[in-house]
Protein chains: 2
Amino acid sequence: MFDVIKKDLEVLEEELLQAVSSEEELVNEVGTHLVTSGGKRLRPALCLLSARGGKEFDLKRTLPLAVALELIHTASLVHDDVIDSSDTRRGEPTANAKWGNQVAILSGDYIFARAFSLIAAAGYSNRVSVRLAELVCNLSVGEIIQDNAVYQASRGYEDYFCRIQKKTADFLEICCDLGAEVGGLTPEEGAKLAEYGHCIGMAFQITDDLLDILQTEETMGKPAGNDIRQGIVTLPVIRALEVSPESEVLRHIVTDPEMSAEDVERALKIVKATDGIDKAKEKADEYLERAKAVLPDTLPQEVKEAYIMVADFIGDRDY
Amino acid sequence: MFDVIKKDLEVLEEELLQAVSSEEELVNEVGTHLVTSGGKRLRPALCLLSARGGKEFDLKRTLPLAVALELIHTASLVHDDVIDSSDTRRGEPTANAKWGNQVAILSGDYIFARAFSLIAAAGYSNRVSVRLAELVCNLSVGEIIQDNAVYQASRGYEDYFCRIQKKTADFLEICCDLGAEVGGLTPEEGAKLAEYGHCIGMAFQITDDLLDILQTEETMGKPAGNDIRQGIVTLPVIRALEVSPESEVLRHIVTDPEMSAEDVERALKIVKATDGIDKAKEKADEYLERAKAVLPDTLPQEVKEAYIMVADFIGDRDY
């Protein structure tokens, strides 16, 4: 998918390993495990693509930013896994499962700090460091709010879109925005790429939430309905609460922290019987269309094509 | 003690509250609790004193750094309390006790990121941001190592001094060093203040470790010998392992993760019967003498006096 930045991404892998390497064996081992266990590298890829849109593209200058973006994502997942007591991620044991919460919490802190250290050493503009620090603030605040407001069916569309923006779309927007800045694109081009990032981020999260409802245990490696179980109300559920004849049953289930596996099954059935799934797919498609439409004409053709492929890929994820 | 920066510290309190304020009520509440529950403000005080040593002192310019230093300290304590499952700190309930691990971990991340956000927005030199990011890296790595090597009596003097440097002295050194830079002191003056910070940091931690052995449950609010119980070997214990006739008994106790309360009592008795306490006090005093001797003569008199008082205060902490 990323032919134009295939070689950049290979160098990125080496730099990621380098960034978490340490003289201390345990720290090295944890860091290596974390940056090598899967990950689509979507954030650095967006950053590199944006930077490649400019005439001044310089891989060496862009890499610290691309690496820092992936490190921030990684550190945030490490702390999420401690919070959720998750045992596996992408088929690999989590840091907390392998080394305990202590090591996992501190490794997350270490990786966050490594990201800020790379950014500081690279000497980018203040805007780059400020936006990255604010991103981490917002990711944390967003999650505190989400975790504090689970099992509340009253949360409507506005709340949902606001939540997924903080959780996913802002991050992808920043990858495109800062990549464009470091690549020397004009502010107008940067603003358009930032909007592209926002739109594919919204579509990505809507799709992710859909997968949680539609996929089977075999394909996902975990039972469907995980969001419902954790008290997180997503787009199809909000729609079903609005239109389903069994709306009250659904409301009762999704607000009950003690719901049984049968309750989750029943809730999924109620949601699937409505147009909630189709409406969510439509919304994701709307965002993807807008993403493609907003791409500046001034981008090199191969970068623009890669960006369109990213959008299409998000739309085509297996339901 | 800090007359010369008394007003600066009052403004600092307001800025600290401002720094963690948030539109989200829960985030605001946690942040306020964390920055208002005690704390000696030693780190920002050292930073402000150093900056006041220069002719260019500008409170407004120094405050973001002073605030960021206290925030980094706070965030690191929040995560420590989660790791140690501590219920109270400085007589107040910890964030994990009050709001759970989830909120505590994320609030720690938020506060770390707020610190980096302040530093980025202030537009200091790259050196300032790089050193702060590296400080957080080293604090995390230092703690991973310490937590991974508990109940090992074989760790000698060199290991101990290396550990307390990473845990405490490097932090106080950076406060003085960066305060001097932002205050416009010469690099020579900055290097001397950095050494001062290193020395009082070493003395501070040695004294802290001594208090853990010497204080009684009534004065400390927790039973003495906490370090021994957690498998952490400090200076008097290392000395006792070397010279005590009961060295083997002591070694057996401090390497046993299942030690009983009676074992801890016995270990404390063995340590107190040696010259380990006196040797540790001597070492702390050596560091404090060196700290005072290294202070540059070019400092304004009231700053120099305040720095001497800080050193004397550390030496006079109640045993």
Side-chain angles (χ1 to χ4, degrees), chain A residues 22-28 30-31 72 75-76 78-80 82-85 99-149, chain B residues 22-28 30-31 72 75-76 78-80 82-85 99-149:
Chain A
S22 163
E23 286 171 20
E24 299 298 337
E25 205 185 303
L26 177 61
V27 178
N28 210 28
V30 180
I72 289 173
S76 145
V78 172
H79 283 178
D80 280 357
V82 174
I83 289 169
D84 298 337
S85 305
W99 293 282
N101 283 351
Q102 204 166 33
V103 169
I105 292 173
L106 294 167
S107 300
D109 292 348
Y110 170 68
I111 293 174
F112 271 131
R114 285 295 298 137
F116 286 110
S117 172
L118 286 174
I119 293 297
Y124 297 127
S125 74
N126 276 357
R127 184 171 172 269
V128 174
S129 345
V130 170
R131 288 217 69 184
L132 284 178
E134 283 174 356
L135 167 70
V136 177
C137 287
N138 292 338
L139 283 175
S140 315
V141 169
E143 220 188 321
I144 292 175
I145 304 167
Q146 161 154 325
D147 294 343
N148 191 49
Chain B
S22 162
E23 286 170 19
E24 299 297 337
E25 206 185 303
L26 176 61
V27 178
N28 208 30
V30 180
I72 289 173
S76 145
V78 173
H79 283 179
D80 280 358
V82 174
I83 289 169
D84 298 338
S85 305
W99 293 280
N101 284 351
Q102 203 166 33
V103 169
I105 293 173
L106 293 167
S107 300
D109 292 347
Y110 170 69
I111 294 173
F112 271 130
R114 284 297 297 138
F116 286 109
S117 171
L118 285 173
I119 294 297
Y124 298 127
S125 73
N126 277 356
R127 184 172 172 269
V128 174
S129 344
V130 170
R131 287 218 70 184
L132 284 178
E134 282 175 355
L135 167 70
V136 177
C137 287
N138 292 338
L139 283 175
S140 315
V141 168
E143 220 188 317
I144 291 175
I145 303 166
Q146 161 154 325
D147 294 342
N148 190 49

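Small disclaimer: the values here were computed from a predicted structure and weren't measured. Below, chain A is the first sequence line, B the second, and so on; all start at residue 1.
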With a 4.5 angstrom heavy-atom cut-off, which part of [X] approaches chain A: side chain, backbone, both or neither?
X         : answer
Ser107(B) : both
Glu24(B)  : side chain
Ile144(B) : both
Phe112(B) : side chain

With chain B, which of Val136(A), Asp80(A), Asp109(A) has the greatest number of heavy-atom pairs at distances under 4.5 Å? Asp109(A)
Tell me, do Trp99(A) and Leu26(A) make a side-chain contact under 4.5 Å, heavy atoms counted? yes
Can you classify the ring geometry of His79(B) versus His79(A) as parallel (below 30°), tilted (30 to 60°) or perpendicular (above 60°)? perpendicular
Contact winner vs chain A - Asn101(B), Val141(B), Val103(B), heavy-atom pairs under 4.5 Å: Val141(B)
Looking only at Ser129(B), Cys137(B), Ala122(B), most heavy-atom pairs under 4.5 Å shared with chain A are made by Cys137(B)
Within the side chain of Asn126(B), is there an N or O that forms a donor-acceptor pair under 3.5 Å with the backbone of Ala121(A)? no
Would you give the length of the straight line joining atom CG of Asp147(A) to atom CG of Leu106(B), rounded to the nearest 0.5 angstrom? 6.0 Å
Run the side chain to side chain donor-acceptor pair (under 3.5 Å) test against Gln146(A) and tell me which residues pass, sequence neighbours left out. none
Which residues satisfy the side chain to side chain donor-acceptor pair (under 3.5 Å) test with Ser117(B), sequence neighbours excluded? Arg114(B)
Below 4.5 Å from any heavy atom of chain B, which atoms of Val82(A) appear? Answer side chain, backbone, both or neither. side chain
